[in-house]
Amino acid sequence: MNRMALLFPGQGSQYVGMGATWHSGFAEADRLFEEAADILGYDLKALCMAGPMTKLSRTFYTQPALLTISVIAFRRYMHEIGIIPEFSAGHSLGEYSALVSSGVLSFGDALRLVQERGRFMEEAAMTKLGSMIAIHGAELGEVEECCRLYSTVDQPAAIAYYNSPSQYVVSGHHTSVALAAGELEQRGAQITRLQVSGPFHSPLMQPAADRLAAELQKYTLNEAKWPVISNVTAQPYRDLDSIRQGLILQMTHPVRWIQTVQYMMNHGVKQGIELGPRTVLKNLVREISPNIEVLSLDRDLDRFELGQSHMDAFSLIGNCVNLLPVISEVRPDSTFMRTSIWRLSGQQGRHIKPQQQVCWERARNGSMWRTMASCGISEI
C-alpha cells in the first residue's frame, strides 16, 4: 500500500455546521463534545453547529472548536478505516490535532492547552499593532526581500506561512507589513489583507509564546505512536523535549508547509487524508506536489473514494503475501477490517495457497484473529 499521512487543518478552516455530515450519528463525537463542554465551560457543539460565525471566528473559540472537530474526524477515520499513517502533520493549530492523533497529548489536555493558547494570542494582539497579508503571484525571493527591506527590530515583518509556491503569508507590525504589501503590489503581486485578530507566527507573538512555555509545563507528553512533523523544522520531532520547544517556537516562527509536504514526498508518501473542515490542505498540497493525492473527509466524493480505495486494497488477498506489511498497521476493530474479513471469508479466504499461510498465521496469532473470530470465522 502507498505510504500515507494524516493532515490536520488550522485556523481559517472553520465554518458554522462544520463536520455535521460525518460526525452526525457517531457516538464518539457526542462523547467528545460532552467532554469539551465540561472542560471549556460552554456548549461547544452548539457553537460549532449554530454559530454565530462572529464568535466562532474569535481565536479563543476557534482553536478549541477546530481541535475538537479534527479529533472527531480522526476518531471516525480510525473507526471506519484504521490504517496507521506514516506521518501526521498539522497546519499551525492543526499540529495539536496531529499530536493528539499520535497519542502525544490526550484530547482533554490538548483542549485545555489550545484554549489557553487562544487566550494568550488574543491578549498579545490587543495592542492592535499587527496585521497579516496573503500574497499570490510573487516569487519567494521577492517576498523575503521586501520583508528584509521594511522590517526593523521594533516593527518586524516576516513570512508567517510558506503555504505553497504561489501563496505566502506575511505577518508583523502593521506599518512594516503595509510597506511590504505596497512594494509587492507594485511588482505585480496580488495582496489580500487578512481579517485576523493579530500578527500570528511573528516576533510580536513573543509575550504569548512566553506564557505558553509556562503553561506547557503543566502537562505530561507521551511517546508518539508515529512521527509528527514539526511546523518549525518541517522534520519529525526527535523527542518529547523537542515537541515542547517546537510548540513554543511555533508561536513566533513560520509554518513551513511547503517544506513539510516536500519532506513527506521525499519519504515516499503518496496519499494524504485531511481530517477536519474544508479542503484547504488538499488544495495546498496539490500546488506543492502533484505526486501526493489528498482526500478530504469534508468532501463527499473524497469520503466515498477513501472508503473504496482502502477496501480495494484487501482485494489483493489473491496474492496475500502483499498483505504482510499491512496487517500490523490496521486496527482490528475498524469497520474497514471487519468488512474486509467478511469479504475474505466468502471466496478467497477459505482457499489460500501455501505461500499465503504465513500471512494468515500472523493474523491468527495477533489481535486481528480475535476480530475474525468475532465475525464468526474460525477456520480458513
Side-chain angles (χ1 to χ4, degrees), residues 5-81 85 88-119 121 196 200 228 231 255 272-285 294-300 302-303 306:
L6 300 181
L7 310 177
F8 297 89
Q11 228 167 306
S13 296
Q14 71 276 3
Y15 65 89
V16 174
M18 56 184 174
T21 54
W22 40 262
H23 63 62
S24 178
F26 182 46
E28 181 75 359
D30 292 333
R31 191 191 68 75
L32 289 169
F33 274 129
E34 289 174 6
E35 183 178 351
D38 290 341
I39 290 171
L40 301 173
Y42 59 87
D43 189 341
L44 182 65
K45 183 177 183 179
L47 177 60
C48 290
M49 295 301 102
M53 187 63 182
T54 51
K55 185 175 182 179
L56 185 59
S57 295
R58 270 192 57 193
T59 298
F60 178 73
Y61 294 104
T62 306
Q63 298 200 21
L66 281 175
L67 175 85
T68 302
I69 294 297
S70 287
V71 171
I72 290 171
F74 168 71
R75 299 281 177 86
R76 186 72 186 250
Y77 164 82
M78 293 305 291
H79 177 76
E80 299 290 343
I81 305 296
S88 283
H91 191 271
S92 188
L93 169 70
E95 190 167 300
Y96 287 81
S97 303
L99 291 169
V100 173
S101 77
S102 68
V104 174
L105 285 166
S106 69
F107 170 66
D109 282 352
L111 195 64
R112 294 179 182 92
L113 258 176
V114 300
Q115 183 181 42
E116 291 307 296
R117 181 180 185 266
R119 186 197 312 278
M121 292 169 69
V196 293
F200 305 139
V228 177
N231 280 180
V255 173
I273 300 174
E274 184 172 7
L275 297 175
R278 299 197 190 277
T279 58
V280 172
L281 301 184
K282 175 186 176 78
N283 297 334
L284 293 180
V285 171
V294 175
L295 300 176
S296 173
L297 198 66
D298 208 28
R299 184 173 182 264
D300 292 343
D302 282 8
R303 286 199 307 278
L306 177 63

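What you are looking at is a predicted structure, and each value in this text was computed from that prediction instead of being measured.
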Answer yes or no: is there a side-chain heavy-atom contact under 4.5 Å between [X] and [Y]?
{"X": "V255", "Y": "E95", "result": "no"}
{"X": "L111", "Y": "E35", "result": "no"}
{"X": "F74", "Y": "V100", "result": "no"}
{"X": "H91", "Y": "V280", "result": "no"}
{"X": "L40", "Y": "Q115", "result": "yes"}
{"X": "E34", "Y": "K45", "result": "no"}
{"X": "D298", "Y": "Y15", "result": "yes"}
{"X": "D302", "Y": "K282", "result": "yes"}

N/O donor-acceptor pair under 3.5 Å between [X] side chain and [Y] backbone:
{"X": "N231", "Y": "G90", "result": "yes"}
{"X": "S296", "Y": "R278", "result": "yes"}
{"X": "R76", "Y": "W22", "result": "yes"}
{"X": "Q14", "Y": "T62", "result": "no"}
{"X": "N283", "Y": "T279", "result": "yes"}
{"X": "E116", "Y": "V114", "result": "no"}
{"X": "R112", "Y": "G108", "result": "yes"}

If you take all heavy atoms of [X] and [Y], which pair is closest and at what distance?
{"X": "P277", "Y": "I69", "value": "CD-CG2, 3.9 Å"}
{"X": "G276", "Y": "A73", "value": "N-CB, 3.9 Å"}
{"X": "Y42", "Y": "F60", "value": "OH-O, 4.5 Å"}
{"X": "L93", "Y": "G10", "value": "CB-CA, 4.3 Å"}

Can you tell me how far the [atom1] atom of [X] sits from the [atom2] atom of [Y], to the nearest 0.5 Å?
{"X": "L99", "Y": "F8", "atom1": "CG", "atom2": "CZ", "answer": "9.5 Å"}
{"X": "M18", "Y": "L56", "atom1": "CE", "atom2": "CG", "answer": "5.0 Å"}
{"X": "F107", "Y": "L67", "atom1": "CZ", "atom2": "CG", "answer": "6.0 Å"}
{"X": "L44", "Y": "T68", "atom1": "CG", "atom2": "OG1", "answer": "4.5 Å"}
{"X": "F33", "Y": "M49", "atom1": "CZ", "atom2": "CE", "answer": "5.0 Å"}
{"X": "Q11", "Y": "Q63", "atom1": "CD", "atom2": "CD", "answer": "5.0 Å"}

Verify side-chain contact (heavy atoms from CB on, under 4.5 Å) between R75 and R31, making sure each step is shown before the conclusion.
-> CA-CA 11 Å; R75 299 281 177 86; R31 191 191 68 75; 3.3 Å; yes
- Task: Please check if any side-chain donor atom of S102 sits under 3.5 Å from a side-chain acceptor atom of S88, or the reverse.
- Result: no
With Y77 as partner, the option from I72, L297, L275 fulfilling side chain to side chain contact (heavy atoms under 4.5 Å, CB included) is L275
